[in-house]
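Below is one structure, written out as structure tokens, with a few remarks after it.
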Amino acid sequence: MCETCGCGEHDHPHNHADDHHDHHTQKKVVDLNIDIMNHNNIEAAMNRGFFMGRKIFCINMVSSPGSGKTTILEKTIGKLITGNIVYVIEGDQQTFLDSDRIKKAGAPSYQINTGTGCHLDAHMISKALKEMDPDPQSVLFIENVGNLVCPAMFDLGEDKRVLIASVTEGEDKPLKYPLMFETAHLCLLNKSDLSPYVDFKRDDFIRNALSVNHNLQIIEMSAKTGEGMDLWFEWISSQTPKSLFTFP
Ligand SMILES: Nc1nc2c(ncn2[C@@H]2O[C@H](COP(=O)(O)OP(=O)(O)OP(=O)(O)O)[C@@H](O)[C@H]2O)c(=O)[nH]1
Ligand SMILES: [Mg+2]
């Protein structure tokens, strides 16, 4: 059982300083976390090589459940689809709902169901890549399982990690879940259309986010109204060879 989030997974890094003995049973407990994370990191490096070889730009989308990952992807595919090949790998515990939404929006989508698992790992992505066989010079979005804890610890081989936060989640989240904010390149602060209705302290959120990651870029946006979406598209363009993107 994962001690981090109680998800039933066995392969999280835990913070035991050393191996230790259970004094009641006299059994020696060996901490295997380092080896397990090394294994993930090796597979992540292999994924990265795959992306480099095919000139695929890969973005790992992470957030708490319901922040708007799939909605943002639906709107993004709508903009990209004319000039670009876009693929999406969807990660959820159960259902094909998000994958179906992505297909409806016009992009090939591969659904991974993690069951009791709370994150995607590099091996799952490697298997999905073999199935999808994405074309060279395409863009691959990975929508991670909605969870602000465990996905932060698993490198998938992505080029960039994008964290979606929303104004309904509170300004304290960067301080309470710092690893997620530390490991992200960009934060999309979504649902700005709801700002008048919630007591979200925007300036405090930005200060908190920058206090854990002073390099973090933040774009305020609403996937519903479209506010700020152009800045998100510009960010994607700025990260990738110009020839890959032709935003209308
Ligand atoms: N008002 C408002 N609602 C939004 C916005 N973006 C998404 N939503 C709504 O928020 C809910 C969750 O959106 P999803 O896109 O499914 O969120 P998700 O992050 O993909 O959720 P999981 O995959 O379950 O983690 C849906 O009802 C969306 O319509 C936004 O900018 N404004
Ligand atoms: Mg989703």
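Every number for a ligand or one of its atoms is a count from 1 in the order of the listing. Remember, it's a predicted structure, so these values are computed and weren't measured experimentally.
- Among Gly68, Gly146, Gly66, the residue whose heavy atom lies closest to atom 22 (P) of ligand 1 is Gly66.
- The shortest N/O to N/O separation between Met221 and ligand 1 does not fall below 3.5 Å.
- If you check the side chains of Ser63 and Lys69, you find a donor sitting under 3.5 Å from an acceptor.
- Between Arg161 and Val62 there is a side-chain heavy-atom pair separated by less than 4.5 Å.
- Remark: among candidates Lys224, Lys69, Met61, the nearest residue to atom 18 (P) of ligand 1 is Lys69, based on non-hydrogen atoms.
- Between the side chains of Arg54 and Ser138, no donor-acceptor pair is found at a separation under 3.5 Å.
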For this session: Apply the test side-chain contact (heavy atoms from CB on, under 4.5 Å) to residues Ser64 and Glu169: give CA-CA distance (whole Å), side-chain angles for both, the deciding distance (0.1 Å), then the verdict.
Result: CA-CA 9 Å; Ser64 57; Glu169 294 168 40; 3.0 Å; yes
For this session: Would you sort out whether Leu156 and Ile89 count as a side-chain contact (heavy atoms from CB on, under 4.5 Å), showing the intermediate values?
Result: CA-CA 12 Å; Leu156 305 180; Ile89 295 175; over 6 Å; no
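- Near Asp193, meaning under 4.0 Å from any of its heavy atoms, are these atoms of ligand 1: 1 (N), 2 (C), 30 (C), 31 (O), 32 (N).
- A tilted orientation is assigned to the rings of Trp232 and Phe141, their planes being inclined by 30° to 60°.
- Close approach of ligand 1 to Asp98 is summarised as follows: ligand atoms under 4.0 Å from at least one heavy atom of the residue are 23 (O).
- Any N or O atom pair closer than 3.5 Å counts here, and Ser192 shares no such pair with ligand 1.
- Among the atoms of Glu143, an N, O or S atom falls under 2.8 Å from the Mg ion (ligand 2).
- Put simply, Ile42 and Leu129 are part of two different groups of oily side chains (I, L, V, M, F, W, Y) that touch within less than 4.5 Å, one to the next.
- For the Mg ion (ligand 2), the set of nearby N, O or S atoms under 2.8 Å includes one belonging to Asp98.
- In this structure, atom 2 (C) of ligand 1 is in close contact with the protein, since a protein heavy atom lies within 4.0 Å of it.
- Closest to atom 31 (O) of ligand 1 by heavy atom, among Gly226, Ser67, Ala223, is Ala223.
- Put simply, NE2 on His185 and CD on Gln217 are 9.5 Å apart, with the number rounded to the nearest 0.5 Å.
- Around atom 4 (C) of ligand 1, the closest heavy atom drawn from Gln93, Lys191, Lys75 belongs to Lys191.
- No hydrogens or angles considered: a donor-acceptor pair under 3.5 Å links the side chains of Gln111 and Asp92.
- Atom 27 (O) of ligand 1 lies below 4.0 Å from none of the non-hydrogen atoms of the protein.
- When distances to the Mg ion (ligand 2) are checked against a cut-off of 2.8 Å, Thr70 contributes an N, O or S atom below that limit.
- For Arg101, the closest heavy-atom approach to ligand 1 falls below 4.0 Å.
- Counting only N and O atoms by type, the side chains of Asp193 and Thr225 include no donor and acceptor under 3.5 Å apart.
- The hydrophobic cluster containing Met132 does not contain Met46, counting ILVMFWY residues as joined when their side-chain heavy atoms lie under 4.5 angstrom apart, directly or transitively.
- Counting protein heavy atoms only, atom 13 (O) of ligand 1 is closest to Thr71 OG1, 3.5 Å.
- The proximity of Asn190 to ligand 1, defined as any non-hydrogen pair under 4.0 Å, is limited to the side chain.
- Heavy-atom contacts of Leu194 reach the following atoms of ligand 1: 1 (N) (cutoff under 4.0 Å).
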